[in-house]
Amino acid sequence: MRLTVLGKSPSWQDAGGACSGYLLEEGDTTVLVDCGNGVFSKLRRYRDYCAVDAVVISHLHADHFLDLVPYSYALTFAPRQQPVPVDRWPGTDSPARPRLIAPQGAGETFRRVVGAWGSEELIERAFLLEEYERASRPEVGPLRFSFIEVPHFTETFAIGVESSESPARFVFGADSGPSDELVEFARGADLLLSEATLPRPERSGKRGHMTPREAGEHGRAADVRRLVITHLSDELDPLWAKAEAQAAFGGPVEMAREGAVYRSPSA
Ligand SMILES: [Zn+2]
Ligand SMILES: [Zn+2]
């Protein structure tokens, strides 16, 4: 398995950056995990968006799904997606229609968002929507996905992915406050991609994000081989964040950066 970071910003983009978006690949299978603001442009830099087999969405916050809007416009209106005679566009005998694997209720949310300008069906016509719940285990080529709910401000799922072609397991913690269930879910993973959004824990109310130190604690408790912290703003001191995460993890921690590639099994 191979994971490429397309975007790692929190709910506002870094300068020149993109929100949550990660490309997962095994052989010819390509899955985009999350599609936040700015991710479609980054996806185009690395891959043909028509060649993506599926998009998996962790939760319905703007920074995790909003670029489904330009992605849907591309799948609908790009010249090669038009129903024109095949000989004009060799190799494009039918328009691409990737699967869109999103939490229950996603269809209604998408219709509300794009319905604001009267295009209710935009996303569901461009993609094949499948709504998942906690017990769902969708498969895309050799990749098998699993989910657990994590503490956040809307229903949110951490995503586990395994491949029938390699023994590796990757876990994406999505946006999450501290969670023992997340530790169990990530136990022994080859790679844990954990958010580390906060300079300090939330001062009041529900926990819905983590500090870099807490991300490190989760990685250590789960005994993961490799910890990558993400969902960090470029306005947060990276040296501080890395030092905090490493002190808690007890080993090297990587900071997600756009274009970084992680392969499994990790070296
Ligand atoms: Zn987020
Ligand atoms: Zn969120």
Side-chain angles (χ1 to χ4, degrees), residues 3-24 31-43 55-71 100-106 108-110 112-113 123 131-134 145 147-160 170-179 181-182 185-186 192-212 214-215 218 227-236 238 241 245 255-258 260:
L3 182 146
T4 304
V5 178
L6 299 182
K8 63 82 177 169
S9 305
S11 52
W12 70 104
Q13 291 107 317
D14 294 349
C19 292
S20 191
Y22 308 92
L23 203 58
L24 262 176
V31 176
L32 175 63
V33 176
D34 278 351
C35 190
N37 332 29
V39 167
F40 183 65
S41 166
K42 307 289 179 178
L43 171 64
V55 181
V56 182
I57 301 291
S58 65
H59 67 297
L60 298 170
H61 273 160
D63 57 319
H64 296 256
F65 82 88
L66 214 55
D67 260 22
L68 289 174
V69 176
Y71 199 163
L100 174 55
I101 302 168
Q104 277 204 327
E108 191 190 333
T109 298
F110 297 152
R112 271 181 22 226
V113 170
I123 293 173
E131 296 189 349
Y132 70 78
E133 54 193 38
R134 190 195 189 293
F145 292 85
F147 307 97
I148 58 149
E149 201 173 342
V150 288
H152 192 47
F153 306 113
T154 187
E155 187 179 53
T156 300
F157 294 90
I159 299 170
F170 287 178
V171 172
F172 169 47
D175 286 5
S176 176
S179 163
E181 290 75 25
L182 178 58
F185 188 62
L192 171 62
L193 187 60
S194 174
E195 74 127 277
T197 312
L198 300 173
R200 69 191 81 78
E202 292 94 339
R203 291 193 175 96
S204 60
K206 182 185 168 176
R207 295 295 314 273
H209 289 292
M210 284 191 251
T211 63
E214 288 169 331
H218 280 62
L227 175 65
V228 179
I229 55 174
T230 191
H231 207 263
L232 289 121
S233 170
D234 62 359
E235 297 184 73
L236 198 67
M255 314 273 288
R257 73 180 158 69
E258 289 180 12

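Atoms within each ligand, like the ligands themselves, are counted from 1 in listed order.
Aromatic pair Phe157/Tyr132: ring centres closer than 6.0 Å.
Residue contact annotation: His61 places no N/O/S atom under 2.8 Å from the Zn ion (ligand 1). The Zn ion (ligand 2) has no N, O or S atom of His64 inside 2.8 Å of it.
Summarising the geometry, atom CD1 belonging to Ile148 is positioned 11.0 Å from atom OG1 belonging to Thr156; distances are rounded to the nearest 0.5 Å. To the nearest 0.5 Å, the span separating OH on Tyr71 from CG on Leu43 amounts to 5.5 Å.
The angle subtended at the Zn ion (ligand 1) by OD2 of Asp63 and OD2 of Asp175 is 160°, given to the nearest 10°.
The atom of His152 that is an N, O or S and sits closest to the Zn ion (ligand 2) is NE2.
In this structure, Pro199 and Leu236 have side chains that are in contact, with non-hydrogen atoms separated by less than 4.5 Å.
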